Amino acid sequence: MDDPNTRPASEGLSAAYVRLLLDACWKGKSVTELMPELPKGMKPRYVHVIDAVWHINAPHGQDTATARVGDVSAFLGVTTPSVTKLIGEMTGRGLLVKHADDADRRAVTLTLTERGRTIRKAYVADYHEHLGELLAGVTQEECETVARVMSRTLRLMRDDDWRATENDQETDGRQMTDGKDDNES
């Protein structure tokens, strides 16, 4: 019988490479956990939205509100309702200002408050500059490869509908729950 770790790529990714990729994902999660702690009440997603608004407004200057909710959603690759909710929270926390569009009163554009700009400088600009120096030995090609593989992996796994069945979750005839089997006290 063939070793499943060495089967041809035409039959799918071998178990050894799946393990290698999933281990890299765990390391990626650990990398994000090493990022600087955010101020109390700040969510990491807020920083992503702040950065998106900054980038969208950048060509016209940060005081010109050109970023729309749909633009932020597209920039981040997330749904508009989730961004709308975040923007509501962030406006209430003094990170963003909503502006009614003169041409279309239903449309809303966004700018960063001074606090939002301060958060972006500390947690994006300054931190990315620091990481750029720290990671100087990592090539641009390596960065592009990791980003491409992680994006593709995420897309494929999100699109997959595989779920473990109840029988698959049993071990030695004991049902596993919350990481403990029923025989543990």
Side-chain angles (χ1 to χ4, degrees), residues 21-22 24-161:
L21 183 59
L22 291 178
C25 292
W26 281 107
K27 288 176 182 165
K29 182 178 184 283
S30 296
V31 165
T32 63
E33 291 168 351
L34 293 172
M35 294 173 72
E37 188 173 337
L38 294 171
K40 186 175 179 159
M42 282 286 296
K43 297 177 182 178
R45 287 185 245 166
Y46 292 174
V47 177
H48 292 286
V49 172
I50 287 169
D51 192 43
V53 170
W54 188 90
H55 278 286
I56 295 164
N57 285 342
H60 305 283
Q62 292 304 319
D63 293 325
T64 304
T66 56
R68 295 175 182 251
V69 176
D71 299 330
V72 175
S73 297
F75 188 94
L76 297 174
V78 297
T79 65
T80 300
S82 63
V83 170
T84 301
K85 181 179 181 216
L86 286 171
I87 287 170
E89 293 171 11
M90 294 171 69
T91 301
R93 295 184 185 280
L95 300 168
L96 295 172
V97 176
K98 291 194 238 180
H99 307 273
D101 189 305
D102 293 334
D104 182 356
R105 301 299 291 173
R106 296 168 298 164
V108 173
T109 55
L110 307 163
T111 55
L112 300 176
T113 63
E114 193 59 42
R115 181 169 183 234
R117 290 181 195 184
T118 300
I119 295 289
R120 187 189 179 279
K121 181 174 179 346
Y123 293 93
V124 178
D126 293 349
Y127 186 58
H128 287 190
E129 183 179 337
H130 167 73
L131 288 179
E133 293 167 7
L134 179 69
L135 304 173
V138 177
T139 68
Q140 291 178 0
E141 182 180 84
E142 289 171 321
C143 291
E144 290 169 357
T145 299
V146 168
R148 189 172 51 253
V149 170
M150 295 308 296
S151 293
R152 184 173 179 200
T153 300
L154 179 60
R155 185 180 65 253
L156 290 169
M157 291 179 73
R158 278 185 174 159
D159 291 346
D160 183 38
D161 62 356

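Values below: all heavy atoms of this structure, side chains included; hydrogens, waters and symmetry mates excluded. The structure presented is a predicted model; accordingly, all values stated were derived computationally and were not measured.
- With hydrogens and angles ignored, the 3.5 Å screen pairs no side-chain donor or acceptor of S82 with any backbone N or O of V78.
- Rounded to the nearest 0.5 angstrom, H60 NE2 and T66 OG1 are separated by 5.0 Å.
- Between V97 and H99, some side-chain heavy-atom pair lies under the 4.5 Å cut-off.
- Within 6.0 Å of CD in E33 there are more than 12 heavy atoms belonging to other residues, nucleotides or ligands.
- For the pair R117 and D63, the salt-bridge criterion is met [side-chain N within less than 4.0 Å of a carboxylate O].
- The backbone N or O of W54 sits less than 3.5 Å from a side-chain atom of Q62, completing a donor-acceptor pair.
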**Message:** Apply side chain to side chain contact (heavy atoms under 4.5 Å, CB included) to residues I87 and V108 and explain how you reach the verdict.
**Reply:** CA-CA 11 Å; I87 287 170; V108 173; over 6 Å; no
**Worked verdict on T79 versus S73 for side chain to side chain contact (heavy atoms under 4.5 Å, CB included)** = CA-CA 6 Å; T79 65; S73 297; over 6 Å; no
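- In terms of modelled atom types and a separation under 3.5 Å, the side chain of Y123 and the main chain of E37 share a donor-acceptor contact.
- To the nearest 0.5 Å, atoms CZ (R120) and CG (D126) are separated by 9.5 Å.
- By the 4.0 Å N-to-carboxylate-O rule, R148 lies too far from E144 to be salt-bridged with it.
- Taking OG1 of T109 as the reference point, atom CG of L96 lies at 11.0 Å (rounded to 0.5 Å).
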**Request:** Evaluate the side-chain hydrogen bond (donor to acceptor under 3.5 Å, both in side chains) criterion for residues T139 and E142: first the C-alpha distance (whole Å), next the side-chain angles of each, then the deciding distance (0.1 Å), finally the verdict.
**Result:** CA-CA 5 Å; T139 68; E142 289 171 321; 3.3 Å; yes
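- Interatomic distance, M157 CE to L21 CG, rounded to the nearest 0.5 Å: 8.0 Å.
- Looking at K43 and L38, their side chains never come closer than 4.5 Å, going by heavy atoms from C-beta outward.
- Separation of atoms OG1 (T113) and CZ (R93) is listed at 13.0 Å; rounding is to 0.5 Å.
- Rounding to the nearest 0.5 angstrom, the gap separating the CD atom in E114 from the OG1 atom in T118 is 5.0 Å.
- With V53 as the partner, the side-chain contact (heavy atoms from CB on, under 4.5 Å) test is satisfied by one option alone out of I50, I56, N57: N57.
- Although no hydrogens or angles enter the test, the distance criterion places a donor-acceptor pair under 3.5 Å between the side chain of D71 and the main chain of R68.
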